[in-house]
Structure formats: C-alpha cells, structure tokens
Amino acid sequence: MRAVIQRTKEARVRVENEVVGEITHGLVVLLGVEDADTQEDIAYLVRKISKLRIFEDDEDKMNLSVQDVKGDILSISQFTLHADTRKGNRPSFTRAAKPEHADELYKQFNAELADEGIHVETGKFGAHMEIDFINDGPVTILIDSKNK
C-alpha cells in the first residue's frame, strides 16, 4: 500500500463538476492499493499518517501531527501509484489491486483514520476526479507499507 501525503491549506475533489469532498486544513492523502495488501498494511499507514509530525509548532519546527492541529484528511484512491515504468513508455498497472479488493481496503483505511478522531472526506472510488488543493510548504511525503 502506498500513500502520497501532502500538507494542505485547503482541498476539494470534484466528480462531474460536483464537489464530493472538501477540507480546509490538513492532509491530502493519495492511496494506492495492491493485491498483496492486507489489514496489516492499513494499520501501518493509519498509524504513520495520523502521527506524522509535519505541521509546525510555535517554534516553526515540524513537531505536530494532523491530530495535534485538529486537521482533516481528504483521502483519494489512486491506483496509478503502483505504476511500473521500468519497461517501455506506457506504464503497467499489474501490481494495482483489483477494484473490489482496492475499494474494500480503501474504505477500511478511511474508517480507521476516522476511528483515530480525524475527520475524513473522500473522492468517489473509480471515478474520474478533479482535485484542487494548496500544498502548504510544500510538504509532500511518500510512505510505502512494504518499506517498513
């Protein structure tokens, strides 16, 4: 399971010109699921993301988590995070999970973030989405649950 985490001042996701998810302050999380991912991968990412200290404290040091700053998360499923570009110029997505498995794990991931007390907004799984956000910093972190 891969996550691209971006600190944001505001973010929204639209499907067919309708806003389906929106936050003001927190994180945009792009989540890629592969077939081999399990509940263990979800637990690892939820623990890391909810506790990741990438917000500034009073001394302008990154010491605060999204929970500490009472931020929200905009969670977007993105199978392209498992693109394999080693061969040729057309990415292969064979490592990306089948939609049924990916959707199930994506929903579990979001539910477990919410269980941590974090307000979670989402896009629409499998839909073509447009995402607007202001990357604050910029701060962008990549976490892969297979690289613990």
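Computed from a predicted model, the values in this text were never measured in an experiment.
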Exercise for review: Determine, stepwise, if the pair Val13 / Val19 fulfils side-chain contact (heavy atoms from CB on, under 4.5 Å).
Suggested key: CA-CA 6 Å; Val13 58; Val19 174; over 6 Å; no
Exercise for review: Before accepting this row, confirm whether a basic side-chain N of the pair Arg86/Asp84 lies closer than 4.0 Å to the acidic partner's carboxylate O.
Suggested key: yes
Review point. Atom CD in Gln108, atom CG in Leu113: separation rounded to 0.5 Å?
Key: 12.0 Å
Review point. Considering all heavy atoms of both residues, which atom of Arg53 and which atom of Asn63 are nearest to each other, and what is their separation?
Key: CD-O, 3.3 Å
Practice item. Check whether any side-chain heavy atom of Val46 lies under 4.5 Å from a side-chain heavy atom of Phe109, and answer yes or no. Key: yes
Check your understanding: So do Ser77 and Leu31 actually touch side chain to side chain, heavy atoms under 4.5 Å?
Key -> no
Point to revise | Partner set under side-chain contact (heavy atoms from CB on, under 4.5 Å) for Pro99, not counting sequence neighbours | key: Phe125
Review point. Should the pair Asp37-Lys146 be classified as a salt bridge under the 4.0 Å nitrogen-to-oxygen rule?
Key: yes
Exercise for review: To the nearest 0.5 angstrom, please state how far the CG atom of Asn135 sits from the CD atom of Gln6.
Suggested key: 5.0 Å
Review point. Going by the salt bridge (charged side-chain N to carboxylate O under 4.0 Å, His left out) test, which pairs reach into residues 112-122, not counting sequence neighbours?
Key: Lys51-Glu116
Check your understanding: Can you name the nearest heavy-atom pair linking Ala96 to Asp35, along with the distance?
Key -> O-OD2, 4.0 Å
Practice item. Go through the steps for Glu56 and Lys61 under the test side-chain contact (heavy atoms from CB on, under 4.5 Å), then give the verdict. Key: CA-CA 5 Å; Glu56 280 90 6; Lys61 293 189 179 188; over 6 Å; no
Revision key, fill the gap. The ring pair (Phe, Tyr, Trp, His ring centres under 6.0 Å) partners of Tyr44 (sequence neighbours excluded) come to none
Check your understanding: What residue pairs, at least two apart or across chains, pass salt bridge (charged side-chain N to carboxylate O under 4.0 Å, His left out) with a residue in residues 20-34?
Key -> Arg12-Glu22, Glu34-Arg95
Exercise for review: Mark yes or no for whether Arg7, through its side chain, and Leu27, through its backbone, hold a donor-acceptor pair below 3.5 Å.
Suggested key: no
Check your understanding: Counting only N and O atoms by type, is there a donor-acceptor contact under 3.5 Å from the side chain of Asn110 to the main-chain atoms of Tyr106?
Key -> yes
Practice item. Quick one: closest heavy-atom pair of Val28 and Ala11, and the distance? Key: CG2-CB, 3.6 Å
Practice item. For the pair Thr80 (side chain) and Ala83 (backbone), establish whether a donor and an acceptor sit closer than 3.5 Å, ignoring hydrogens and angles. Key: no
Check your understanding: Under a 4.5 Å cut-off applied to non-hydrogen side-chain atoms, are Val66 and Asp68 in contact?
Key -> no
Check your understanding: Taking all non-hydrogen atoms of both residues, which atom of Ala3 and which atom of Ile49 are closest, and how far apart?
Key -> CB-CD1, 4.1 Å
Practice item. Please round to the nearest 0.5 Å and tell me the distance separating atom CG of Asp41 and atom CG of Asp144. Key: 8.5 Å
Exercise for review: Group every Ile, Leu, Val, Met, Phe, Trp and Tyr by side-chain heavy-atom contacts under 4.5 Å, then state whether Ile73 and Phe133 land in the same group.
Suggested key: no
**Study point:** Trace of the salt bridge (charged side-chain N to carboxylate O under 4.0 Å, His left out) decision for Glu104 with Lys98
**Key:** CA-CA 10 Å; Glu104 178 184 330; Lys98 307 289 183 283; over 6 Å; no
Exercise for review: Considering non-hydrogen atoms only, spot the tightest contact between Gly123 and Ile76 and give its length.
Suggested key: N-CD1, 3.8 Å
**Study point:** Heavy-atom check, side chain of Leu74 versus side chain of Thr8, under 4.5 Å
**Key:** no
Check your understanding: Looking at Thr122 and Val120, what are the two nearest heavy atoms and their distance?
Key -> CG2-CG1, 4.1 Å
Review point. Do Leu81 and Leu30 come within less than 4.5 Å of each other through their side chains, counting heavy atoms only?
Key: yes
Practice item. Go through the steps for Lys124 and Glu18 under the test salt bridge (charged side-chain N to carboxylate O under 4.0 Å, His left out), then give the verdict. Key: CA-CA 11 Å; Lys124 184 176 178 187; Glu18 179 184 335; over 6 Å; no
Point to revise | Joint cluster assignment, Val4 & Ile118, ILVMFWY side-chain distance < 4.5 Å | key: no
Check your understanding: Would Ile23 end up clustered with Leu64 when hydrophobic side chains under 4.5 Å apart are linked, directly or stepwise?
Key -> no
Review point. When Ile, Leu, Val, Met, Phe, Trp and Tyr are grouped by side-chain heavy atoms lying under 4.5 Å apart, directly or through other members, which residues fall in the same group as Phe79?
Key: Phe93
Check your understanding: Is the closest side-chain heavy-atom distance between Ile143 and Leu45 below 4.5 Å?
Key -> yes
**Study point:** ring pair (Phe, Tyr, Trp, His ring centres under 6.0 Å) against His25, all qualifying residues, sequence neighbours excluded
**Key:** Phe55
Check your understanding: Between the main-chain N or O of Ile131 and the side-chain N or O of Arg14, is there a donor-acceptor pair closer than 3.5 Å?
Key -> no
